[in-house]
Amino acid sequence: MDIRYFAWLRERIGTGHETIESNAETVADLIEELKARSESHAFAFSDIASLRAAVDQELVAFDAPVLGAKEVAFFPPMTGG
């Protein structure tokens, strides 16, 4: 699955994109797997209250399924303007 990171997540992890193998069932499970990848990942995902996620380009909650997803993206909350 393709994982995309935006804004300060990209800066903290050091890349905007990774392709990984995952057994995660939900976005929350995937976050736990990603946190275990490196200290940079753990730091980036240390406060998930300040994150949003999209599965296959659709905004979702952290309990959303990721099984069969092609892409999961993580980004800070968006503001209008």
Side-chain angles (χ1 to χ4, degrees):
M1 124 183 9
D2 288 333
I3 309 295
R4 301 210 179 267
Y5 306 107
F6 294 93
W8 52 263
L9 282 155
R10 176 179 43 223
E11 294 170 13
R12 290 181 183 180
I13 293 171
T15 186
H17 175 263
E18 294 183 283
T19 301
I20 67 164
E21 299 272 335
S22 175
N23 293 317
E25 292 185 14
T26 66
V27 172
D29 295 338
L30 179 60
I31 289 171
E32 290 305 311
E33 285 184 8
L34 293 169
K35 286 169 68 172
R37 290 178 69 86
S38 73
E39 287 183 26
S40 297
H41 287 81
F43 177 58
F45 289 101
S46 62
D47 180 16
I48 64 167
S50 63
L51 295 177
R52 299 296 177 263
V55 174
D56 292 333
Q57 300 185 2
E58 186 172 321
L59 192 62
V60 298
F62 292 134
D63 62 352
V66 294
L67 291 174
K70 293 181 180 180
E71 178 187 87
V72 178
F74 294 100
F75 44 89
M78 299 168 277
T79 59

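As the structure is a prediction and not an experimental result, all values here were calculated from the model. If you read the sequence from its start, that first residue is 1, and numbering goes on from there.
- Side-chain atoms of Asp56 come within 3.5 Å of backbone N or O of Glu71 as a donor-acceptor pair.
- Side-chain atoms of Glu33 come within 3.5 Å of backbone N or O of Ala24 as a donor-acceptor pair.
- Linking Ile, Leu, Val, Met, Phe, Trp and Tyr whenever their side-chain heavy atoms come within less than 4.5 Å leaves Leu67 and Ile20 in two separate clusters.
- By the rule that hydrophobic residues join a cluster once side-chain heavy atoms approach within less than 4.5 Å of another member, Leu59 and Val72 end up as members of separate clusters.
- Counting heavy atoms of neighbouring residues, nucleotides and ligands inside a 6.0 Å radius, atom CD of Glu25 does not exceed 12 of them.
- More than 12 heavy atoms of other residues, nucleotides or ligands lie within 6.0 Å of CG in Asp47, so this atom counts as buried by the packing criterion.
- Residue Phe75 is not grouped with residue Ile48 when hydrophobic side chains (ILVMFWY) are merged at heavy-atom distances under 4.5 angstrom, including chains of intermediate members.
- Note that CZ of Phe74 and CD1 of Ile31 are 4.5 Å apart. Values are rounded to the nearest 0.5 Å.
- The salt bridge (Lys or Arg N to Asp or Glu O under 4.0 Å) test applied to Glu11 returns no partner, not counting sequence neighbours.
- The two residues Ala44 and Trp8 make their nearest non-hydrogen contact at O-CZ3, 3.6 Å.
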Going through the distances and angles, do Ile13 and Arg37 end up as a side-chain contact (heavy atoms from CB on, under 4.5 Å)? CA-CA 10 Å; Ile13 293 171; Arg37 290 178 69 86; over 6 Å; no
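- Within the 4.5 Å cutoff, no side-chain heavy atoms of Val60 are placed close to those of Val66.
- Side-chain contact between Arg4 and His17: present, with at least one pair of heavy atoms (C-beta onward) separated by less than 4.5 Å.
- Phe43 and Leu34 are assigned to two separate hydrophobic clusters, defined by single-linkage of ILVMFWY side chains at heavy-atom distances under 4.5 Å.
- Closest heavy-atom contact between Phe6 and Pro76: O-CD, 3.9 Å.
- Under the 4.5 Å side-chain criterion, counting only non-hydrogen atoms from C-beta, Glu32 is not in contact with Phe45.
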